[in-house]
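Proteins come first, then strands; the chains are lettered A, B, ... in the order of their sequence lines, and each starts at number 1. Remember, it's a predicted structure, so these values are computed and weren't measured experimentally. Worth knowing before you read on, the calculation uses all heavy atoms, side chains too, and leaves out hydrogens, waters and symmetry mates.
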Number of protein chains: 2
Amino acid sequence: MDRELAILERLRAGGSRITVARRALVEALLVGETHKTADDLAEQVHAAHPSVHRSTIYRILDALEQAGVVEHVHFGHGRAVYHLLEDRHLHLVCDDCGVVVEMPEAAISELAARVEGDHGFVIDSRHFALPGRCRACAAVHQSST
Amino acid sequence: MDRELAILERLRAGGSRITVARRALVEALLVGETHKTADDLAEQVHAAHPSVHRSTIYRILDALEQAGVVEHVHFGHGRAVYHLLEDRHLHLVCDDCGVVVEMPEAAISELAARVEGDHGFVIDSRHFALPGRCRACAAVHQSST
DNA sequence: TTCGATGCAAATAGTTTGCATTCTA
DNA sequence: TAGAATGCAAACTATTTGCATCGAA
């Protein structure tokens, strides 16, 4: 039940030490939105611990990623969002309004199987978002183009 | 048959002027690899015209993109590659060795149709590469992990 | 001659790194 | 107390922008 402790324990198991900054970042990951940029997380951590530096945020995120706790997904043009590994799913991001639609990982399995058969290529589709246009923006786009 | 002239003409039609730099960049796009980073292109252009600035390369690429001549695809972690619109296809990039596998756009149509039906989301799959592992790296990865 | 294109330098966004210091285990 | 973690500043990558000048039509 205590997700925070479980995650910290997992870090400790990997030889890491538990610090205030790490505790705060894990807490930040556990509340609110499931997808947060490094910036979002830094802001949240700063609320309680203003002295935690941005570079530390990145280093902790890196440690968490190595420990298999989080993963990051690129949402186009440079910025990445981080989320807990438990929340595995594909991401669809709207190029126009930026809304993120989640869909089960299974949706891509058919394509993945075909690609693997044809090219031997194993798609890791979680690491990138599929871009496009959400329902609303697709409608607008169609009428204005 | 003269692709270079055709492209330049297309630029001119949009109100643009034809300059040495533009001519050189279009030439660079037409030879060799079908996918090049802004850096690759800058290097090629510099070979003949060392004074052309990087920012100019970006501005020309932007103009070409607006004119519908090229498009850029993000290959993960910040860098983008440009290619002529005629060469439309999906990209699979290996996270390990960086090799790019191309596959017909049609391969994703089934997934795209399902997603559009379920979520109203219109995937623009050409704008991003699907990450994963190529046959060779997948084999290595499996045995070493 | 006019307005688009360019060179330059500086700014930007997002992230990473070297190094001396601090703190956990 | 050893070695991991941190703060800080500075570097980095890829790209963009303001501005004065240049050049194509």
Whole-Å distance, A:Leu8 CG to C:dT24 P, equals 14 Å

task = Could you give me the CA-CA distance, side-chain angles and deciding distance for A:Glu102 and A:Leu90, then say whether side-chain contact (heavy atoms from CB on, under 4.5 Å) is met?
result = CA-CA 6 Å; A:Glu102 299 176 6; A:Leu90 297 180; over 6 Å; no

Taken to the nearest whole Å, CG/B:Asp62 to C1'/D:dT15 is 11 Å

B:Leu61 atom CG is separated from D:dA14 atom C1', nearest whole Å, by 13 Å

Atom CG of B:Asp39 and atom P of D:dC12 are separated, to the nearest Å, by 15 Å

Set out, in order, the CA-CA distance, both residues' side-chain angles and the distance that settles side-chain contact (heavy atoms from CB on, under 4.5 Å) for B:His119 and A:Cys134, then state yes or no. CA-CA 8 Å; B:His119 307 279; A:Cys134 69; over 6 Å; no

Base, sugar-phosphate or nothing for B:Ala63? Non-hydrogen atoms, less than 4.0 Å.
nothing

- At under 4.0 Å, does any side-chain N or O of A:Arg22 touch on OP1 or OP2 of D:dT6? yes

Smallest heavy-atom separation, A:Ala28 atom then A:Lys36 atom, equals O-NZ, 2.5 Å

From CZ of B:Arg23 across to C1' of D:dA25 the rounded distance in Å is 13 Å

- Message: Between A:Thr56 and D:dA5, is there a contact of a side-chain N or O with OP1 or OP2 at under 4.0 Å?
- Response: no

Of C:dA25, C:dT15, C:dG4, the nucleotide closest to the side chain of B:Arg17 is C:dG4

Separation of C:dG4 atom P from B:Leu11 atom CG, nearest Å, is 15 Å

Whichever of B:Thr19 and B:Tyr82 has the more 5' nearest nucleotide on DNA chain D, that residue is B:Tyr82

Whether over 12 other heavy atoms sit under 6.0 Å from B:Glu33 CD: no

What orientation do A:His35 and A:His83 show, parallel under 30°, tilted 30 to 60°, or perpendicular over 60°? tilted

### Task
Indicate whether OP1 or OP2 belonging to D:dT16 is found under 4.0 Å from a side-chain N or O atom of B:Tyr58.
no

- prompt: Are OP1 or OP2 of C:dA25 and a side-chain N or O of A:Arg12 less than 4.0 angstrom apart?
  reply: yes

B:Ile18 atom CD1 is separated from D:dA25 atom P, nearest whole Å, by 7 Å

*Is there a path of hydrophobic side-chain contacts, each under 4.5 Å between heavy atoms of I, L, V, M, F, W or Y residues, that connects B:Val20 with B:Ile60?*
no

Worksheet entry | Close side-chain approach of A:Val26 to A:Leu8, heavy-atom, < 4.5 Å | yes

Rounded to whole Å, the NE2-P distance (B:His46 to C:dT6) equals 12 Å

When A:Ile57 and B:Arg54 are each assigned the nearest nucleotide of DNA chain D, the 5'-most assignment goes to A:Ile57

Tabulate atom names and distances for all N/O pairs under 3.5 angstrom spanning the protein and nucleotides 8-10 of chain D.
unit_1 : atom_1 : unit_2  : atom_2 : d
D:dC8  : N4     : A:Ser55 : OG     : 3.4
D:dC8  : N4     : A:Arg59 : NH2    : 3.3

